[in-house]
Number of protein chains: 2
Amino acid sequence: MAQTPLAQDEFRPASTAGEARRLQILDIAARHFRTRGYAAVSMRDIATEAGMRTPSLYYHFPSKDDLVIAVMDRGIAVVRETVAAALDALPPDAGAKPRLVTALRAHLHALHSLSDYTSANVRIFGQLPEALRRANLPERRAYQAIWSELLAPTCAAEQSRLPERVAIFIGAMNATLEWVDPARTDLEALADHLAQVLLDRLLEDVGA
Amino acid sequence: MAQTPLAQDEFRPASTAGEARRLQILDIAARHFRTRGYAAVSMRDIATEAGMRTPSLYYHFPSKDDLVIAVMDRGIAVVRETVAAALDALPPDAGAKPRLVTALRAHLHALHSLSDYTSANVRIFGQLPEALRRANLPERRAYQAIWSELLAPTCAAEQSRLPERVAIFIGAMNATLEWVDPARTDLEALADHLAQVLLDRLLEDVGA
DNA sequence: GTCTATAGGGAGATAGAC
DNA sequence: GTCTATCTCCCTATAGAC
């Protein structure tokens, strides 16, 4: 939802004034993409909220494609850095399950309350023309690598299923964006619930 | 992917010739929405593939909104009827887990190989303006009711978590649309994998 | 850096002939 | 039922002054 200036600056010190303007435009674009989708947001919408006319945007970004690619790449970068930082804060001997729960919490935090970039990415990835989706794939693959490592211990004997399991986990976490109440306060409870579903056995009786 | 005429007619006998034309247009629209998203598909695209000019479409549907609502509602109706039929085919004394696995398989089947309507619904729901999304909610709630019943036994002492758990399950199943290889032949294996992740314990050691 | 003016195209939709 | 012709609107993007 709302990004605190702190949460934003954490990931990118804006040195020059020109750079600050560029980041301001990106912030506005990410927020609009997140709430209204890709095609529904026009360059005019973004310009208006930035207090300028449409053509002025083209001084900062050569095209709408370039703007949306910048938003998409930052979206993955933020969640990757958030998850990596949370994992680094764990004791070095932490087991597979606490590491998974920690990563899951960090991912949901980035997605739901930290970054409009991450939620915009999840929201509009499927709406982009194929060329723009492809541009985001390197970032996505780098993030998936983290979850490959986290989930490897759960695929003990069958590492061939690992890529699909990574996709199931990331897909399940991202899907919470579509139905969770935006006014929800207890993100911790959602994370715990998701961890329970994905990591624990839900039923005792396994017979027919 | 491809819909067999059989799979389509199963859910709607087209009595008159006019009705058949209407259904043909809906089929084309669903297939395009499924592959290219909502905003990217124009009335012209649909008309061209139906072998007519754009204005002729407006004889069958008063607006693009009406057309897309018809596709969306059918998308949920198909998956609901598919899952309900699969559950009805089970022995009456089937336990909670086999019922869940059966429903999960039927859902993935409708989503991945039976119906362009269901996959279009999942794909474009998040792209629609709020008014169109709201129009699809009654259908969605009717479908969620099935999963509420299926998942109730997994929420033994805490039925308050049931709605969220329903959303987690449906979200996780639907998320497979975004990353699964369209040429994938072994849908059974995907369903089994998803069932394992959602229903079984993935890790033995639960310590820190 | 931002502006006014505008090009150029595609969208949804309507009028009215056939 | 389908057509041609057209309206209106909004989009991305560019030209060129300031």
Side-chain angles (χ1 to χ4, degrees), chain A residues 14-72 120 124 127-133 135, chain B residues 14-72 120 123-124 127-133 135-136:
Chain A
S15 40
T16 76
E19 189 69 9
R21 194 76 162 124
R22 190 186 145 92
L23 294 181
Q24 180 209 1
I25 293 168
L26 283 173
D27 285 354
I28 292 168
R31 202 172 60 247
H32 279 259
F33 287 142
R34 179 234 169 99
T35 37
R36 297 166 45 219
Y38 167 64
V41 176
S42 67
M43 294 294 269
R44 186 181 186 168
D45 294 331
I46 297 167
T48 299
E49 187 160 331
M52 58 176 69
R53 305 287 184 172
T54 313
S56 306
L57 273 187
Y58 289 83
Y59 172 81
H60 301 277
F61 296 92
S63 72
K64 188 182 180 183
D65 285 2
D66 287 85
L67 205 170
V68 77
I69 286 175
V71 170
M72 294 297 283
I124 73 176
Q127 309 180 23
L128 299 182
E130 216 251 328
L132 296 185
R133 253 180 285 158
Chain B
S15 39
T16 75
E19 189 69 10
R21 193 77 164 122
R22 190 187 144 90
L23 294 182
Q24 181 209 0
I25 292 168
L26 283 173
D27 285 353
I28 292 167
R31 203 173 59 247
H32 278 258
F33 287 142
R34 180 236 168 97
T35 37
R36 295 166 46 218
Y38 167 65
V41 176
S42 68
M43 294 295 266
R44 186 180 188 169
D45 294 332
I46 298 167
T48 299
E49 187 160 332
M52 58 175 68
R53 304 287 184 172
T54 314
S56 308
L57 272 187
Y58 289 84
Y59 172 81
H60 302 277
F61 297 91
S63 71
K64 187 183 181 183
D65 284 2
D66 288 85
L67 206 170
V68 78
I69 286 175
V71 169
M72 295 297 283
R123 174 79 193 282
I124 74 177
Q127 310 181 22
L128 299 181
E130 216 250 328
L132 296 183
R133 255 181 282 160
N136 192 230

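Every heavy atom of this structure was used, including side-chain atoms; hydrogens, water molecules and symmetry mates were not. To find a chain, count down the sequence lines: A is the first, B the second, and so on, and within it residues start at 1.
- Using a distance-only test at 3.5 Å, with no hydrogens or angles considered, no donor-acceptor pair links the side chain of B/R34 to the main chain of B/R123.
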I'd like a table of donor-acceptor pairs (distance under 3.5 Å, sequence neighbours excluded) in which one partner is a side-chain atom from residues 56-69 of chain B, with atom names and distances.
unit_1 : atom_1 : unit_2 : atom_2 : d
B/S56  : OG     : B/R53  : O      : 3.4
B/S63  : OG     : B/D65  : N      : 3.3
B/S63  : OG     : B/D66  : N      : 3.2
B/S63  : OG     : B/D66  : OD1    : 2.6
B/K64  : NZ     : B/Y38  : O      : 3.4
B/K64  : NZ     : B/V41  : O      : 2.8

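- B/L26 and B/A70 get closest at one heavy-atom pair: CD2-CB, 3.8 Å.
- Here the shortest heavy-atom pairing between A/A39 and B/A39 reads CB-CB, 3.4 Å.
- The minimum heavy-atom distance between A/V71 and A/A29, with the atom names listed, is CG2-CB, 4.2 Å.
- B/R21 pairs by the salt bridge (charged side-chain N to carboxylate O under 4.0 Å, His left out) definition with nothing, not counting sequence neighbours.
- Under the salt bridge (charged side-chain N to carboxylate O under 4.0 Å, His left out) criterion, the residue pairs touching residues 36-45 of chain B are B/R36-B/D45, with sequence neighbours excluded.
- In the 5' to 3' direction, nucleotides of DNA chain D lying under 4.0 Å from heavy atoms of chain B begin and end at D/dG1 to D/dA5.
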For nucleotides 4-10 of chain C, tabulate all protein N/O to nucleotide N/O atom pairs closer than 3.5 Å, reporting atom names and distance.
unit_1 : atom_1 : unit_2 : atom_2 : d
C/dT4  : OP2    : A/R53  : NE     : 3.2

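- Toward the 5′ end of DNA chain D lies the nearest nucleotide of B/G18, the other residue of the pair B/G18 and A/M43 mapping further downstream.
- Computed from coordinates, the B/Y58 OH to C/dA11 P distance equals 11 Å when rounded to whole Å.
- With values rounded to the nearest 0.5 angstrom, A/T35 atom OG1 is found 12.0 Å from B/E130 atom CD.
- What separates NE2 of B/H60 from P of C/dA13 is a distance of 16 Å, to the nearest Å.
- Note on the helix from C/dG1-D/dC18 to C/dC18-D/dG1: terminal axis deviation equals 0°, with five pairs used at each end and the result rounded to 10°.
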